Structure formats: C-alpha cells, structure tokens
Novice: 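Mind looking over this structure? Questions follow.
Along the sequence shown, the residues carry numbers beginning at 1. Because the structure is predicted, anything quoted here is derived from the model rather than measured.
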Amino acid sequence: MQQVGTDAGIWRRASPSPAPRPVLKAARSPAPRPRRPARRLLRKHKFRLQMLGLATAGLAAFALFVQSARPLNSPTPALAEIEQVLDLAGFGLTQVSLAGHRYTPDSDILDAVGLGSARTMLTFDSRAAKARVEALPWVERASIERILPDRLEVRVTERAPFAVWSHDGRHSLIDRSGRELAVVPVGAMPTLPRISGEGAATAAAALFSIVGQHPDLAARISVSERISGRRWTLRLVGGGSVQLPAQDEAAALDRALQIAAVQGLEASEIDVRVPGRALVRASQQRKGQIETAVSPATGGT
C-alpha cells in the first residue's frame, strides 16, 4: 500500500492492495549433462597433448644427434631396434653423392666414408668419416653433409701436383707441402719440376720460390738434387750445374747468374757454396766435347 497524500480519503482509496499479479515461472531448463563425459574429453585432450609433446621431443632429440654429428653408441639391443624402426621410416643411409674429386677413385672415398658400420643417420659418425677421407693421399680437405632423410653429400678438395720426386728407386708426385700423392712413371707430367735426394720433397717449395724469380734459369733446370739433406745442386740441361750453399740461397744464386752471363750456364759448373768466392769449372759434357775435338789433332802429330 502506498500513501499518496495526507487526506484520509486518498488513503482509503489507495490502501486496498491491487490484485496480485500472476507470477510468471521461468521455463524449466533442460537437465545438465552428466559431467563425467566432459572429464573424459579433457583426459583424452590431455593425452593427445602429451603424445604430441613426446613426439616433438623425440624429433628434437633426433635432430640434435643429426646436427651434432655424434653417433649414438650403445651395446644394448635397443639401439638395433631403434635403427630398424628408423630404417623402415625412411632414415636409412641409402645414397651417397661425391663431388670435387679428379684423381681420387670413387671406391677409395666410399671405403673411407664407411657406410658398412652405420645403417642410419643415428649411428653414422660424420666426424670420423671426414677424418678418414682427408687421410687419403690426394684429399686436402673434405666436407660431409647429411641430406635427410637418407642421403650423404661428400665434397672434397684435392691437392695440386707440384713436382716429381725421385727417391728409393721410384718417382712420386708431391704437392707443395711435400706430401706424396701417387707413384708415377718416369716421364709422367713432364711440365713439372724434377727433384731428387733425401729431404727434397719438403724443401722444394722454398727452392722454387727463389728459382721462380729467374724464369730463364728455371726453364734450363733438368733436376734439382738435394745433397745430404742440407743444400741444392741444380743440374742443367746441357751438362752445367749450380751448387748452392745451405743458407742464403737467393744471394748465392744471383752471383751464379752473374757469372753465367759471361761463362754460359750449359758449359760451366758454378760453385757458389762459399760466400765471397765462386769456382767455375768446365762441365763434364763440355770436357768430353773438348777431348773429342783435341784427340784427332793429337793423333796426327
């Protein structure tokens, strides 16, 4: 009841309560679904997430082995089973591509890679394989790249032949460092310098860096002979020679060439081993020519 004024009549008219309005009941909502199925869906979703996480972790671990190039070595049978699964999944080592080689046979590189000891990427030791490939005579450096899922790419850089070294009754190609590359016939690679003697292979690069400053002389050298592992004698085409000291070879060679400009290289044996002194003798071939020319005249007297 609501009072709208101070007058009694107004009070009386306003005092009776209005007819009660009907109460509108809300429509009955459907019964809630049982909560147990929702929990089951949640558990199923969790399980899927866990399995996804395990799969991701497994792939990450496999990728780590692949990138680190470290094999998983284990004597347990589990490793063989893992390799079998990886092989069936397409991660077996089935292809090898070779590039960059000219003198090294394919078979030597493949043997050095050693695929017979590893079935999959998981147990293949690329560091050890790289070291074995670089131990081959011609190979200066090598790289091995894993191309997933099943291929290896081997690239090599070979050494450059520098000279032919005669020693111990055979002739060997060597590189600038003196490393033996291959045994060759006598006349192989005629454009390369010829060297001989003990220690000649490792000392040749230093000698020819000096001789290379005198192209005319370099073209006349038949063989450079290392004497007692200490010094060089340059044997020249035509019978001449230049005997160099164990030290200060460049200065000694300059003195020898000054003498040769007057005496001639082919006709002389020039000895500049002693600083400040040079000995010049007729070469053995020149002596023979002189004796041949003089003998008939002698015989006629």
Novice: Out of Thr104, Leu110, Val156, Asp111, which one pairs with Val133 under the side chain to side chain contact (heavy atoms under 4.5 Å, CB included) rule?
Specialist: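 So, applying the side chain to side chain contact (heavy atoms under 4.5 Å, CB included) to Val133 and each of Thr104, Leu110, Val156, Asp111, only Val156 qualifies.
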Novice: Does atom CZ (Arg170) have a neighbourhood of more than 12 heavy atoms from anything else shown, all under 6.0 Å?
Specialist: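 Above 12, so yes.
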Novice: Would the number of heavy atoms belonging to other residues, nucleotides or ligands and lying under 6.0 Å from CD of Glu198 be above 12?
Specialist: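 12 or below, so no.
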Novice: So which heavy atom on Ala129 is nearest to which on Ile144, and how close?
Specialist: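 Taking every non-hydrogen atom into account, CB-CD1, 3.6 Å.
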Novice: When you measure from the side chain of Arg226 to the backbone of Ile195, do you find a donor-acceptor pair of N or O atoms at a distance under 3.5 Å?
Specialist: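 No: the side chain of Arg226 does not pair with the backbone of Ile195.
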Novice: To check you understand the geometry: which heavy-atom pair defines the closest contact between Lys130 and Ala142, and what is its length?
Specialist: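 Looking at all heavy atoms of both residues, the closest pair is CE-O, 2.9 Å.
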Novice: Please confirm whether the backbone N or O of Gly197 pairs with a side-chain atom of Trp165, one donor and one acceptor, at under 3.5 Å?
Specialist: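 Yes, the answer is positive, given that a donor and an acceptor are paired below the 3.5 Å cut-off.
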Novice: Got a donor-acceptor contact below 3.5 angstrom from the Arg132 side chain to the Ala112 backbone?
Specialist: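 Yes, Arg132 side chain to Ala112 backbone: donor-acceptor pair under 3.5 Å.
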Novice: Using every non-hydrogen atom in the two residues, find where Asp125 and Ala128 come nearest and quote the distance to one decimal.
Specialist: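 For Asp125 and Ala128, the tightest heavy-atom pair comes out as OD1-N, 3.3 Å.
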Novice: Please determine, by modelled atom types, if Arg231 and Thr233 share a side-chain donor-acceptor pair under 3.5 angstrom.
Specialist: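 Note: Arg231 and Thr233 side chains meet the donor-acceptor criterion.
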Novice: Check this for me: does any side-chain nitrogen of one of Arg102 and Glu158 sit under 4.0 Å from a carboxylate oxygen of the other?
Specialist: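 Glu158 and Arg102: not salt-bridged.
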Novice: Which is it for Leu253 and Leu244 under the side chain to side chain contact (heavy atoms under 4.5 Å, CB included) test, yes or no, and what are the steps along the way?
Specialist: CA-CA 7 Å; Leu253 187 58; Leu244 298 176; 4.2 Å; yes
Novice: So, for Leu257 and His214, which heavy atoms are closest and what is the spacing to 0.1 Å?
Specialist: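 Nearest heavy atoms, Leu257 then His214: CD1-ND1, 3.3 Å.
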Novice: Side chains of Leu192 and Pro161, heavy atoms from C-beta outward: is any pair under 4.5 Å?
Specialist: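 SC-SC contact between Leu192 and Pro161 confirmed.
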Novice: Using 30° and 60° as the class limits, which term best fits the ring planes of Trp138 and Tyr103: parallel, tilted or perpendicular?
Specialist: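 Correct class here is parallel.
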